[in-house]
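First listed ligand is number 1; within each ligand, the first listed atom is number 1. In this chain, residues are counted from 1 in sequence order.
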Amino acid sequence: MIRYSKVLGTGGYLPAEVRTNEQISETVDTSDSWIFERTGIKSRRIAGPDETASSMAEIAARQALEAAGCEPDAVDLIIVATGSPEYVYPSTACLLQQRLGINNAAAFDLQAACSGSIFAMSIADQYIKSGAAKKVLIVGSEICSRIVDWTDRSTCILFGDGAGALLLGASDELGVLSTHIHSDGEFEDLLYCANPQAATGEKRNEPGYINMRGNEVFKVAVNTLGRIVDETLEANNMDKSEIDWLVPHQANIRIIMATAKKLKMSMDQVVVTLEHQGNTSSASVLLAFNEAVRDGRIKRGQVVLLEAFGAGFTWGSAIIKY
Ligand code: COA
C-alpha cells in the first residue's frame, strides 16, 4: 500500500496588540500610504512582554491537534521553524514539547528563515512517506518585533508576530503531492540577523537586528518564486489551471501578485493575510493556510500550492491535495 502524508489539522495564533502604520509613523519618518502602497501592509500584531516563540507555538499547536482529533502523545516528531527563539538551546521545539506535556517524540528546530515552514513540511513528508514517523507536528512561531530595529524604517514596517501550526499524518489517501526546497548561501549580506555573542568582526558589535537590502531581495524573490512554480508544476506534470489555491509567504503584496500572475490566477484564489499581519516569517504560510481552512475557503480535495522565500537565501514549495 502506498503511504501518503496528509494535513490532519491546522492552527494559528496572533497576539492581541495591533500596531498600525500610523503608530509607526509617529516614531520613524514614514507614512501609512508609503507602507501600504509599497508593501500591502496596514497593521501587524505585536507579542506581549510575557509571550515567547514557544508560548505562541503551544497555542497554535494545540489548535492543530484539536482540529485533527489527535492527542499530543500521538505525535512522534515535532519540528519548529523560528528565527526568534528565546534560547539558542534548548530548541523551541523541546520547549513546546515540554508545554505539551509529552516526552516520547523527537523535537528539533529548523532554521530556514521565512521558508522554514515549507522546509519543515518537506522533512515531515519524507519521514512519513518512508515510514519513520506517523504524525509530525510542524510549527512556525516568530516574535519578529524583538529582532527588528524600531528606528530603521526600511525594516520595522515589514514584520509582525504570530504562530501557525499544522499536523501532518500518514494516510492511504493522497495528500502532499511534492515538496521542493532550495538554498543559495551566496546572498548572506542581503538579508541577515546576526547573533552578536557568537559572531566575529563587525557583526560582533551589531545589536542582532534584521538587516535587509530590501530592493535587491525583492528582485531575487520575484524571479526565484517564478522558477519554483515552474519546477513544482513540471514535477507533477500539472497545468496552472489545476491549482485551486495559492498560499504564498506574506512578505510583500507586489511579490505575491507577481507569483499569482505567473500562475494566471485571480487574486480571489490567493490567500493574503499580509494587510493585518505583516511578514511573520516562518509563521506566515501556516497562518495563511490555517485562516483559509478555518473560514472554509480551502476545502477538502482541493489542490493548494504553498511557497516561500527567505534569508539564506532559502526558498521552496509544497503542493498538496488538501
Ligand atoms: N517610509 C518611507 N520611505 C522609505 C521607507 C519607509 N518605511 N523605507 C524606505 N524608504 C525610502 C528609501 O530610503 C528610499 O529612499 P531614497 O530613494 O531617497 O534612497 C526609497 O524609499 C526607496 O527605497 P527602496 O528600498 O528602493 O523601496 P522599495 O520599493 O524596494 O520598497 C521594501 C522597500 C522593503 C518594501 C521592498 O524592497 C521589499 O518588500 N523587499 C522585499 C522584502 C522581502 O521579501 N523580505 C524578506 C523575504 S522574507
Side-chain angles (χ1 to χ4, degrees), residues 19-44 81-84 110-120 140-145 147-162 164 181-193 209-228 247-260 270 272-275 277-288 306-317:
R19 190 165 299 172
T20 63
N21 291 348
E22 285 84 359
Q23 284 170 301
I24 297 180
S25 314
E26 287 164 15
T27 52
V28 290
D29 182 15
T30 188
S31 64
D32 173 45
S33 59
W34 193 96
I35 301 171
F36 186 63
E37 278 161 27
R38 299 282 179 124
T39 69
I41 301 167
K42 282 215 155 279
S43 62
R44 67 289 293 143
T82 182
S84 44
L110 183 155
Q111 175 52 267
C114 298
S115 312
S117 55
I118 302 290
F119 275 56
S141 186
E142 299 283 3
I143 304 206
C144 296
S145 63
I147 56 167
V148 295
D149 177 356
W150 285 98
T151 66
D152 173 10
R153 69 175 182 176
S154 68
T155 53
C156 74
I157 57 161
L158 299 172
F159 296 93
D161 301 340
I181 58 173
H182 298 277
S183 310
D184 185 347
E186 278 298 306
F187 296 94
E188 173 189 354
D189 285 335
L190 294 195
L191 177 53
Y192 67 86
C193 179
Y209 290 139
I210 297 173
N211 193 302
M212 180 169 70
R213 306 216 301 253
N215 199 286
E216 290 163 75
V217 175
F218 186 94
K219 287 176 198 150
V220 186
V222 170
N223 290 330
T224 308
L225 289 170
R227 287 204 311 274
I228 196 91
V247 182
H249 172 49
Q250 312 279 319
N252 186 309
I253 192 69
R254 292 180 290 140
I255 299 177
I256 295 174
M257 286 166 85
T259 311
V270 183
V272 181
T273 55
L274 185 69
E275 190 169 332
Q277 295 178 19
N279 179 351
T280 57
S281 193
S282 66
S284 96
V285 172
L286 296 174
L287 274 167
L306 307 105
E307 48 86 343
F309 178 88
F313 288 140
T314 55
W315 63 99
S317 66

Under-4.0 Å protein heavy-atom contact, atom 10 (N) of ligand 1: yes

N215 contact mode with ligand 1 (heavy-atom cut-off under 4.0 Å): both

Residue pair T155 / Y209, side-chain heavy-atom distance below 4.5 Å: no

A221, portion touching ligand 1 at heavy-atom distance under 4.0 Å: neither

Contact atoms of ligand 1, heavy-atom distance to N279 under 4.0 Å: 48 (S)

For ligand 1, the portion of N252 having any non-hydrogen atom under 4.0 Å away: side chain

Close approach, R213 and ligand 1, non-hydrogen under 4.0 angstrom: no

Element-labelled atoms of ligand 1 that are located less than 4.0 Å from some non-hydrogen atom of T39: 35 (C)

Rounded distance [0.5 Å steps], CD1 in I210 versus CD1 in I147: 4.0 Å

Ring-face cation of R153 near W34 (centre distance under 6.0 Å, axis angle within 45°): no

For T30, atoms of ligand 1 separated by under 4.0 Å from a heavy atom: 1 (N), 2 (C), 6 (C), 7 (N)

Flag for S282-E142: side-chain donor and acceptor within less than 3.5 Å: yes

Ligand 1-proximal atoms of I255, by part, heavy-atom distance under 4.0 Å: side chain

Proximity flag I35 to ligand 1, non-hydrogen atoms under 4.0 Å: no

